[in-house]
Amino acid sequence: MDRIAYLKNLVVMAIADGALAEHELSLLSQRCAELGFEEQELCAAVSYALGDDAQLELPTDAAEQEAVLSDLIRMMAADGQMSESEKRLFALAAARMDFSGEKLERLIDRVVRTNHSA
């Protein structure tokens with residue numbers, strides 16, 4: 001999966017609840033820096049996510065799938081609330097990548113533990 005598609009996925013999830021909270025913006029800025037992006041790429045990703053054709057691009061590689069789902073979990077939790085639209089979008093992405101309930105629970109536990117220890 002290319003880096004811009006990865007960023008778009010994060011922005012689509014951040015906007016899924018209809019708002020872009022300060023903590024979500026902070027996480028997006030952090031990920032942009034880690035991915036080597038500047039403000040213009042983030043602006044392009046936000047424009048994409050606000051468009052009628054916005055959708056998640058799901059990777060086929062197992063490691064990339066876990067990375068995307070982990071970041072989607074972080075993005076959903078960034079504002080302290082998980083809206084129904086975010087949960088549905090995440091569940092759809094996980095299902096399309098054939099993540100079983102047990103595998104998904106382990107991933108969520110790992111992400112939550114990592115976030116609490118950080």
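The figures here come from the full heavy-atom set of this structure, side chains too, leaving out hydrogens, waters and symmetry mates.
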| request: Determine yes or no for a side-chain-to-main-chain donor-acceptor pair under 3.5 angstrom, with S70 supplying the side chain and V111 the backbone. | output: no
| task | Give the C-alpha distance, both sets of side-chain angles, the deciding distance and a yes or no for side-chain contact (heavy atoms from CB on, under 4.5 Å) between L20 and V11. | result | CA-CA 9 Å; L20 197 53; V11 177; 5.8 Å; no
| task | Answer yes or no: is there an ion pair linking K8 with E41, defined by an N-O contact shorter than 4.0 Å? | result | no
| request: Under the side-chain contact (heavy atoms from CB on, under 4.5 Å) rule, what do E64 and Y6 come out as? Steps first, then yes or no, please. | output: CA-CA 10 Å; E64 286 183 344; Y6 197 90; over 6 Å; no
| request: Any pair with a residue in residues 80-93 that passes salt bridge (charged side-chain N to carboxylate O under 4.0 Å, His left out), sequence neighbours left out, goes on the list, sorted by first then second residue, please. | output: E84-K87
| message | Using a strict threshold of under 4.0 Å (side-chain N to carboxylate O), is an ion pair present between D71 and R74? | response | yes
| When you look at Y48 and L7, which way does the side-chain contact (heavy atoms from CB on, under 4.5 Å) test go after all the steps? | CA-CA 10 Å; Y48 170 80; L7 177 61; over 6 Å; no
| query | Given side chains that start at C-beta, do those of K103 and E66 come closer than 4.5 Å, heavy atoms only? | reply | yes
| said: To the closest 0.5 Å, what do you measure between CG (L25) and CD (E22)? | reply: 8.0 Å
| task | Working to the nearest 0.5 Å, report the span between CD of Q65 and CG of D98. | result | 8.0 Å
| task | Please test I108 against L69 for side-chain contact (heavy atoms from CB on, under 4.5 Å), starting from the C-alpha separation and ending with a verdict. | result | CA-CA 9 Å; I108 291 168; L69 287 175; over 6 Å; no
| Flag, side chain of E57 to backbone of A5, donor-acceptor distance under 3.5 Å | no
